[in-house]
A.B. asks: 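First the structure, which I've put down as structure tokens, then a few questions once you've had a look.
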Number of protein chains: 2
Amino acid sequence: MARIPMYRLIEDDLAAQIATGELDVEAKLPSEHELAERYGVSRMTVRQALDRLESVHLIVRHQGSGNFVSPLQVRGRRLTHLTSFTDDLMGVNRKVDTVVIKLEIVPAPGAVADGLHLKPAQAVNHFERLRTVDGVPAALQESWVPYAVAPGLTREGMIDGSLYRTLRHRYGIQLQWADQIITAVQLTTYQSELLEAASGSAALSTRRTAFGRNGQAVEFADSWTLPQFPLYTRIDA
Amino acid sequence: MARIPMYRLIEDDLAAQIATGELDVEAKLPSEHELAERYGVSRMTVRQALDRLESVHLIVRHQGSGNFVSPLQVRGRRLTHLTSFTDDLMGVNRKVDTVVIKLEIVPAPGAVADGLHLKPAQAVNHFERLRTVDGVPAALQESWVPYAVAPGLTREGMIDGSLYRTLRHRYGIQLQWADQIITAVQLTTYQSELLEAASGSAALSTRRTAFGRNGQAVEFADSWTLPQFPLYTRIDA
DNA sequence: TAGTGGTCTAGACCACGAG
DNA sequence: TCGTGGTCTAGACCACTAT
């Protein structure tokens, strides 16, 4: 039985009304008292739903005057939100494939041990993967996952070449957030050959540490992405 | 009179305990009932404080077992969080200067009008700025702000060459979030000369739309940042 | 089973915004 | 002034985790 809390239902209902345009951009929502009565719940419950809508910028609140639909057309295309963790690449109508170039167990190099908060030389799974989009090389990824987190991981055991999906379904690990350092680099000859790009051409370089529900560092990764595949993100103040 | 709500005081108190190590990493917090009694408030108020601590990843929650200090050492150095909006560059102990290369009022070009949700050719303030860090060129920025949002802006009227600070203090506009597209490019000759970099070297390219409290698009900006000045960010799932 | 967090109630008073 | 959101109470029952 999927137990769905009321505030979730209210959130979804209001979100749907905004998505369909029933509640238009910049429209004023019914007052919180009114919503409470309409849904037959207390005002605190309504506010829980509104808190969540505010956190994703679907509404804006103005003390003393009311709650309003955010004047934005994000609806439908969430491109501006970072993609599901599964992939740095946008894949709306695109086919993303993965070639696992390397998968081995090694002692954690210094920077990796730091990033994962491990003692140096503890065992880690090390992956090197090439991502293609519609058959065209898009990114190179090098990842390290503590062996203890995902023991016995094999090339065949990976789901669609997706580390995140594999962690979730085979190991029950749900990633919650990631810290990233992003910069630009010129590709090495080795990298440019794999990516079928001109040697020395520019690429987006990302170094990421991803964390699980309990805040444990689960993955440390470097990636090099061709400029044709930009990164979308949203930053809060 | 700054009226400070209880949940804020509780949040700050717990955050301080975590920062000082009084509540150690991975330590279990007192139960919510216990905290409510200790602070002399209801449990809902305690939960409001805990909600906020959770949202910044200072604690993790486990239904049935308790709330725990997140096993992270973010404390103190928030480098991983994106800087104050004022600047894309990290400036911990560094001196950031700005040269305003250009400031003019122009009809909005197509892409700009799209980004700001304006009608084409509406008047916008157009800036071109060079950022230096400790005297070394770091980034070029080109920004557009609707004239209606910041009328009468002059080079002299800018505070420290900072658009965000100027918007906040001269126009009372507080930016709330921004959508960004990030990729890598090779610098043009013009750009590389200004940045004192080798022509054709790689740079981080960012296209950003920033939004104010009411969700209005306030700024559209392109920037080119040298690889020595990476971008730090945190992504939630 | 006991203890914990997750959800929810039915009120209350305050602070802010607009007329 | 009046309606709105912001904060808060003092409980309640449920769902999950660990023992």
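Proteins get letters first, then strands, A, B, ... in listed order; numbering begins at 1 in each. What you see below is based on every heavy atom in this structure, not just the backbone, and it leaves out hydrogens, waters and symmetry mates.
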A.B. asks: Rounded to the nearest Å, what distance is computed from the CZ atom of residue A:R61 to the P atom of nucleotide C:dC16?
C.D. replies: 16 Å

A.B. asks: Within less than 4.0 Å of OP1 or OP2 of C:dG6, is there a side-chain N or O belonging to B:R47?
C.D. replies: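 True: B:R47 side-chain N/O within range (under 4.0 Å) of C:dG6 OP1/OP2.
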
A.B. asks: So does B:D51 pair up with B:R61, basic N to acidic O under 4.0 Å?
C.D. replies: yes

A.B. asks: What is the distance, rounded to the nearest whole Å, between atom CG of A:L35 and atom P of D:dG3?
C.D. replies: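 Taking CG of A:L35 and P of D:dG3, I get 17 Å after rounding.
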
A.B. asks: How close or far is atom P of D:dA12 from atom CE of B:M44, stated in whole angstroms?
C.D. replies: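 Atom CE in B:M44 sits about 15 Å away from atom P in D:dA12.
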
A.B. asks: Is the shortest side-chain N/O distance from B:S42 to OP1 or OP2 of D:dT9 below 4.0 Å?
C.D. replies: yes

A.B. asks: Is there a donor-acceptor pair under 3.5 Å between the side chain of A:T20 and the backbone N or O of A:A16?
C.D. replies: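 Yes.
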
A.B. asks: Look at the side chain of B:R43 and the base of C:dG6, then say whether one donor and one acceptor between them are separated by less than 3.5 Å.
C.D. replies: yes

A.B. asks: Look at the side chain of B:Y39 and the backbone N and O of B:M6, then say whether any donor-acceptor pair between them is shorter than 3.5 Å.
C.D. replies: no

A.B. asks: Measuring to OP1 and OP2 of C:dT7, would you say a side-chain N or O of A:T45 lies under 4.0 angstrom away?
C.D. replies: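 Answer is no, no contact under 4.0 Å.
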
A.B. asks: Return the 5'-most residue of the pair A:Y7, A:S65 with respect to DNA chain C, ranking by each residue's nearest nucleotide.
C.D. replies: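 Taking each residue's closest nucleotide, the earlier one in sequence belongs to A:Y7.
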
A.B. asks: Roughly how many Å is it from CD in A:Q48 to C1' in C:dG5, rounded to a whole number?
C.D. replies: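 After rounding, the reported distance stands at 13 Å.
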
A.B. asks: Measure the distance from CD on B:E32 to C1' on C:dT7 and round it to the nearest whole Å.
C.D. replies: 11 Å

